[in-house]
Amino acid sequence: MTKVDRRVLKSQEAIKKAILELMAEKNFDDITIREISDRANVNRGTIYLHYMDKYDLLDKIIEEHISTLREICHSASEMSFQEGNYVWFEYFADNHLFFSTMLNTKSAAHFRSRFLDLVVQEYKVEVDVTEGKNQGLDGDVVLQFFGAAVVGAVEWWFRNGMPVPPRVMAEQTGILLDRNF
């Protein structure tokens with residue numbers, strides 16, 4: 001396994017942070033590679049060494065977080081919704097800049113869509129419309145309803161400056177999910 005140079009990692013992290021900070025300030029379409037490089041304190045060539053363009057950069061950042069959330073889901077599959085949600089909300093809090101930017105800016109519709117798809121995919125195994133509270137309901141409707149509820153709660157949390165701790169969000173959203181699955 002090849003070891004990545006710390007300088008490379010440091011540059012990539014600075015570039016990622018720079019684009020997210022800029023997205024919090026202005027529309028993504030108005031951001032230039034020059035602004036990203038200035039903010040990250042790297043040469044433009046360094047950005048192009050790692051990314052084709054700003055769209056590739058954003059896609060790679062989104063994919064990293066979606067992949068991590070998927071891993072969290074799989075590692076938390078034996079947990080209750082409350083316990084599993086706690087791991088998610090801790091991750092959200094630890095990556096506040098990314099999630100608040102992605103869920104609070106107009107240029108972040110792509111991430112919201114990917115996030116909703118992930119939530120729906122992960123809850124698919126929990127939905128049972130053959131018996132219990134959701135008996136007779138259309139499984140896709142149930143999944144979209146709860147997926148949108150989870151994404152909406154996370155958006156509300158960031159939009160309002162994380163007014164409650166991650167543990168409280170996890171417990172309360174977990175209770176709501178447990179009541180319905």
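Throughout, residue positions are numbered sequentially from 1 according to the sequence presented.
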Would you give me the side-chain donor-acceptor pairs under 3.5 Å for residues 78-85, sequence neighbours excluded?
unit_1	atom_1	unit_2	atom_2	d
S80	OG	Q82	N	3.4
S80	OG	E83	N	3.1
E83	OE1	S80	N	3.0
N85	ND2	T173	OG1	2.8

Item to check | Partner set under side chain to side chain donor-acceptor pair (under 3.5 Å) for R70, not counting sequence neighbours | outcome: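 With neighbours one apart ignored, the set is Q121.
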Checklist entry - Residues in side chain to side chain donor-acceptor pair (under 3.5 Å) with D94, at least two apart? => result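 For D94, no residue satisfies side chain to side chain donor-acceptor pair (under 3.5 Å) once neighbours in sequence are set aside.
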Checklist entry - Minimum heavy-atom separation for A148 to L116, with atom names? => result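 That would be N-CD1, 3.5 Å.
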Checklist entry - Taking the inter-plane angle between the rings of F115 and F111 on a 0 to 90° scale, is it parallel (under 30°), tilted (30 to 60°) or perpendicular (over 60°)? => result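 Because their plane-to-plane angle is under 30°, the rings of F115 and F111 count as parallel.
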Item to check | Partner set under side chain to side chain contact (heavy atoms under 4.5 Å, CB included) for D59, not counting sequence neighbours | outcome: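 Result, side chain to side chain contact (heavy atoms under 4.5 Å, CB included) vs D59: H110.
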Next on the checklist: Run the side chain to side chain contact (heavy atoms under 4.5 Å, CB included) test against D30 and tell me which residues pass, sequence neighbours left out.
Outcome noted: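 D30 satisfies side chain to side chain contact (heavy atoms under 4.5 Å, CB included) with K26, N27 only.
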Item to check | Shared hydrophobic cluster, I175 / V164 (ILVMFWY, side-chain heavy atoms < 4.5 Å) | outcome: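 No; V164 is not reachable from I175 via cluster members.
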Item to check | M102 and L20, any side-chain heavy atoms less than 4.5 Å apart | outcome: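 When only atoms from C-beta onward are counted, M102 and L20 do touch, with a gap below 4.5 Å.
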Checklist entry - With ring centroids as reference points, do H65 and F99 lie under 6.0 angstrom apart? => result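 Centroid separation for H65 and F99: below 6.0 Å.
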Side chains of residues 40-52: which donor-acceptor partners sit under 3.5 Å, not counting sequence neighbours?
unit_1	atom_1	unit_2	atom_2	d
H50	ND1	Q12	NE2	3.1

Checklist entry - Taking atom CD1 of I19 and atom CG of L57, what is their separation to the nearest 0.5 Å? => result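 Interatomic distance, I19 CD1 to L57 CG, rounded to 0.5 Å: 4.0 Å.
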Item to check | Qualifying residue for ring pair (Phe, Tyr, Trp, His ring centres under 6.0 Å) with H96, from Y91, W157, F158 | outcome: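 Passing option: F158.
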Next on the checklist: Any salt bridge linking E13 with K10? Criterion: basic side-chain nitrogen under 4.0 Å from a carboxylate oxygen.
Outcome noted: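 So E13 does not pair with K10 through a salt bridge.
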